[in-house]
Q: 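Before anything else, here's the structure in question.
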Amino acid sequence: MKPPIPFDAPVYVSRPLLPDLRELSEKLEEVWKAEWLTNNGAQHRALEERLRTVLGVPQLSLFNNGTVALIVACQSLRLSGEVITTPFTFPATPHVLTWNRIQPIFCDIDPLTMNIDAEQIERNVTPQTTGILAVHVYGTPCDVAAIERVADRYGLRVIYDAAHAFGVEVDGRAVGNFGDISMFSFHATKLFHTAEGGALAFRDPNLKPRIDLLKNFGIKDQETVMMPGINGKMNELSAALGLLVLEHVEGERGRRHELAGIYRERLRGVDGLTCLETLPGVRSSEQYFVIRVDERRFGASRDRVFEEFKKYNVFTRKYFHPLCSEYACYRQLPSADPAKLPVAHRVASEVLAMPFYGRLGADDVSRICDMLLTFRGSGA
Ligand code: T4K
């Protein structure tokens, strides 16, 4: 095989879905005319309503980012003490617990789905445990039935970090309907985005006023502040962008689905490489395309593959390495002991998120696969 040629321009793991700039300026004219830039404006109200339908959830509250949304989710359910979570996630997940003075308790993960291992949650429950914060990693849904069983047995609340799970369905049921609250991230790198943004989805209508108060400083009216809330409001520019991006999301999802097919086709049967598969009965978010590199069989480590790609102007990402339990702020916790998290450590050393976005051509994906195959046997 001829050696692959490096890309002229950098190829990143993700690129934001960008609507036509003229469409955006027309939309922004509405905002300018209204002279209303934030605090529950018309764009905000319209996007909140649209997303309730698109995400198939009874209640929804928009936020300025997913992290603040998660902080508020913990507050709204009055979580305290200890919350069981996964070490295999973005730093935001355990950090929101810390910001609420809750101790994260790291639980090992499932070797296939890479989500929290529901069977191991129970052994981490103590009298201080008030909840479970599980992540649908890469949009793969957690074992929601098993998590619900443990939660019910011990009277725990369940929050899902669904940052990667926009539009995911499990046997026809929208993913935002599981647990007490689900958080979606609308960061620029997400399938659906508002540049920065996020949302909480939930079923209990009584939570809506509390969540909306918490994200607006606790202000009920000009004379009354009910609680120490935060500023979690989405602004009108982000909401307007979101309304436009929403029109293009299904097209983007379809293009990504095709690219995933090419990756799978080209990498099928390569010894030492496995591609993330969509579980049966699940509609995928097509958020990330992740491979796992088994160094012994592939003859090159994940880290070597990551470095080799850079020589060709391809910037893959090691989502999620290092584990959150390895950060300086968490590694002293008893639950962060590597001996208790063997699967998470192995998985974190194998995963690599590949370039994956609609503007990437089928030829580009083929070229990236060609590159990858030349790295075989290149060592650690
Ligand atoms: N929970 C989970 C499980 C999460 O994954 C996240 C966020 C959160 C919670 C928190 O939600 P937010 O508060 O963010 O709403 C990126 C995103 O910033 C972050 O939102 C996301 N997860 C995480 C997995 O990925 P970084 O540090 O990798 O971003 P960055 O700037 O390195 O961007 C990645 C690549 O994307 C770049 O190499 C180039 C490309 N890119 C990026 C941006 C921002 C663009 O092409 N254009 C852009 O505008 O975290």
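If you're wondering where the values come from, they're calculated on a predicted model, not measured in any experiment. For ligands, and for the atoms within them, numbers begin at 1 and follow the listed sequence.
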Q: Less than 4.0 Å is my threshold; does some heavy atom of Gly198 fall inside it relative to ligand 1?
A: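 Contact absent.
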
Q: Regarding Arg149 and Asp152, does a basic nitrogen lie under 4.0 Å from an acidic carboxylate oxygen?
A: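 No.
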
Q: Are there protein heavy-atom neighbours of atom 20 (O) of ligand 1 below 4.0 Å?
A: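 Flag for atom 20 (O) of ligand 1 set to true, protein heavy atom closer than 4.0 Å.
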
Q: With heavy atoms only and a cut-off of under 4.0 Å, state how Thr93 meets ligand 1: side chain, backbone, both or neither.
A: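 Thr93 to ligand 1: side-chain contact only, backbone stays beyond 4.0 Å.
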
Q: When you measure from atom 13 (O) of ligand 1 to every protein heavy atom, which one gives the shortest distance, and what is it?
A: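 The closest one turns out to be Thr67 OG1, 2.6 Å.
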
Q: Could you tell me if any non-hydrogen atom of Gly197 lies under 4.0 Å from any atom of ligand 1?
A: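 Gly197: in contact with ligand 1 (<4.0 Å).
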
Q: Taking the side chain as every heavy atom from C-beta outward, state whether Arg45 and Asn40 have any atom pair closer than 4.5 Å.
A: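 Arg45 vs Asn40: side chains touch.
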
Q: Does Glu196 have a non-hydrogen atom less than 4.0 Å from ligand 1?
A: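 Heavy atoms of Glu196 never come under 4.0 Å of ligand 1.
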
Q: Could you tell me whether Arg367 and Asp363 have a side-chain N and a carboxylate O separated by less than 4.0 Å?
A: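 No, this pair does not count.
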
Q: What protein heavy atom lies closest to atom 6 (C) of ligand 1? Include the residue and the distance to one decimal.
A: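 Scanning the protein heavy atoms, the shortest distance from atom 6 (C) of ligand 1 goes to Phe90 CD2, 3.4 Å.
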
Q: In terms of residue, atom name and distance, what is the protein heavy atom nearest to atom 33 (O) of ligand 1?
A: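 Scanning the protein heavy atoms, the shortest distance from atom 33 (O) of ligand 1 goes to Thr189 CG2, 3.9 Å.
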
Q: May I ask you to identify, for Val68, whether its side chain, its backbone, both or neither come under 4.0 Å of ligand 1 on a heavy-atom basis?
A: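 The answer is neither; Val68 stays 4.0 Å or more away.
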
Q: Among all protein heavy atoms, pick out the one at the shortest distance from atom 29 (O) of ligand 1; state its residue, atom name and that distance to 0.1 Å.
A: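 Going atom by atom, the protein heavy atom closest to atom 29 (O) of ligand 1 ends up being Tyr319 OH, 4.3 Å.
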
Q: Nearest protein heavy-atom contact for atom 41 (N) of ligand 1: which residue, which atom, what distance?
A: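 For atom 41 (N) of ligand 1, the nearest protein heavy atom is Ser14 O, 3.9 Å.
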
Q: Please list the nearest protein heavy atom to atom 46 (O) of ligand 1 with its residue and the distance rounded to 0.1 Å.
A: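 Going by distance alone, atom 46 (O) of ligand 1 is nearest to Arg15 NE, 2.7 Å.
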
Q: Which residue holds the protein heavy atom closest to atom 11 (O) of ligand 1, what is that atom called, and what is the gap in Å?
A: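 That would be Ser185 OG, 3.5 Å.
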
Q: Using a 4.0 Å heavy-atom cut-off, say whether Tyr357 meets ligand 1 through its side chain, its backbone, both or neither.
A: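 Looking at Tyr357 and ligand 1, no heavy atom falls under 4.0 Å.
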
